[in-house]
Protein chains: 2
Amino acid sequence: MSNYDPDLSRLFHALADPTRRAILTRLAKMPARVTDLAGPTGLRLPTVMRHLSVLEEAGLIATSKDGRIRTCAIVPEAFDPARTWLDEQRAIWEGRLDRLDAFVMRVMKEREE
Amino acid sequence: MSNYDPDLSRLFHALADPTRRAILTRLAKMPARVTDLAGPTGLRLPTVMRHLSVLEEAGLIATSKDGRIRTCAIVPEAFDPARTWLDEQRAIWEGRLDRLDAFVMRVMKEREE
DNA sequence: GCAATACTTAGCGATATGTCTAACTATGAT
DNA sequence: ATCATAGTTAGACATATCGCTAAGTATTGC
């Protein structure tokens, strides 16, 4: 089970902040510069920088610098482990339902006899 | 856009802790008492209680008390908003790819002329 | 009744998080 | 060379988080 994976913790933690989610949504549309990202948030540049570094350490964005401009881009595959974990939980839960179904079926058959 | 939804923040935050994920995986298999959940974690009861209340406030689990025993159960639908948000991001990103595709197709057609 | 069981509450301490201001570096434009 | 732009670093501050111990309450079993 991947629960104790620190990457997964970092990923979910990165997604737990509204500003960071807004930045991701913005970047999902197209890459952007740091200042462009800061604008809509109403936050100061250093604050946004911090959010960006959280996102980058979680692998959710990649950045590169050209001259004095840093361009940020989303890394779509980075969302996969989160999705996979959610899928796993659902599978476990559904597996439990399946076992319940099997149980009910068995009881019903026994009744027929 | 649901980014500024505090529920979503609470949800992702609840999922960002390995102990809480382990608890959820355990509960996905079947409901359990508080002490049963605490056992595998190696953490003290009050600490586990805190995790449980974070999970409950995020809507991920529901608990009920019978006598002196509190039983915790998973709430599978509670994962949906996280899943939905991830889907939305993917849709936005894929929409961008689609537009890129369309652009490439147009350029190719223009070249043919 | 009394002891054991199963939480629950209160409060402490270390560390992490999210925000800011102030001062700095590097690059581009004139 | 000078100045504006774009980002960076350093440090402060309030609050939140995660773990703990110690001391409660409420139920159950003998």
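In what follows, chains carry the letters A, B, and so on, assigned in the order in which the sequence lines appear, proteins first and then strands, with residues in each chain numbered from 1.
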Shortest side-chain distance from A:H51, nucleotide among D:dG19, D:dC18, C:dT19: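 Looking only at heavy atoms from C-beta outward on A:H51, the closest nucleotide is C:dT19.
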
Minimum-distance nucleotide (side-chain atoms of B:T47 versus D:dT17, D:dG19, C:dT19):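 Looking only at heavy atoms from C-beta outward on B:T47, the closest nucleotide is D:dG19.
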
Separation of atom [atom1] in [X] from atom [atom2] in [N], rounded to whole Å:
| X | N | atom1 | atom2 | value |
| --- | --- | --- | --- | --- |
| B:D17 | C:dT17 | CG | C1' | 15 Å |
| B:F12 | D:dA16 | CZ | P | 22 Å |
| A:H13 | C:dT15 | NE2 | P | 18 Å |
| A:L43 | C:dG18 | CG | C1' | 9 Å |
| B:L52 | D:dG19 | CG | C1' | 15 Å |

Whichever of A:G42 and A:G67 has its nearest DNA chain C nucleotide further upstream toward 5': A:G42

Test: B:D87 and A:R83 ion pair at under 4.0 Å: yes

N or O in side chain of A:R44 less than 4.0 angstrom from C:dG18 OP1/OP2: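 For C:dG18, OP1/OP2 do not have a side-chain N/O of A:R44 under 4.0 Å.
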
Verdict with supporting geometry, B:R70 and B:T63, side-chain hydrogen bond (donor to acceptor under 3.5 Å, both in side chains): CA-CA 7 Å; B:R70 178 172 298 282; B:T63 76; 2.8 Å; yes

Parallel, tilted or perpendicular: ring planes of B:W85 versus A:F79, cut at 30 and 60 degrees: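 The rings of B:W85 and A:F79 sit tilted, inter-plane angle from 30° to 60°.
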
Working for side-chain contact (heavy atoms from CB on, under 4.5 Å), residues B:L60 and B:L27: CA-CA 10 Å; B:L60 284 162; B:L27 290 179; over 6 Å; no

Side chain proximity check, B:H51 to B:E56, heavy atoms < 4.5 angstrom: no

Beyond-backbone contact of A:R50 with A:T47, side-chain heavy atoms, under 4.5 angstrom: no

Per-nucleotide protein contact string for nucleotides 5-11 of chain D, where B marks a base within reach and S marks sugar-phosphate only (heavy atoms under 4.0 Å, - for neither): BSBBB--

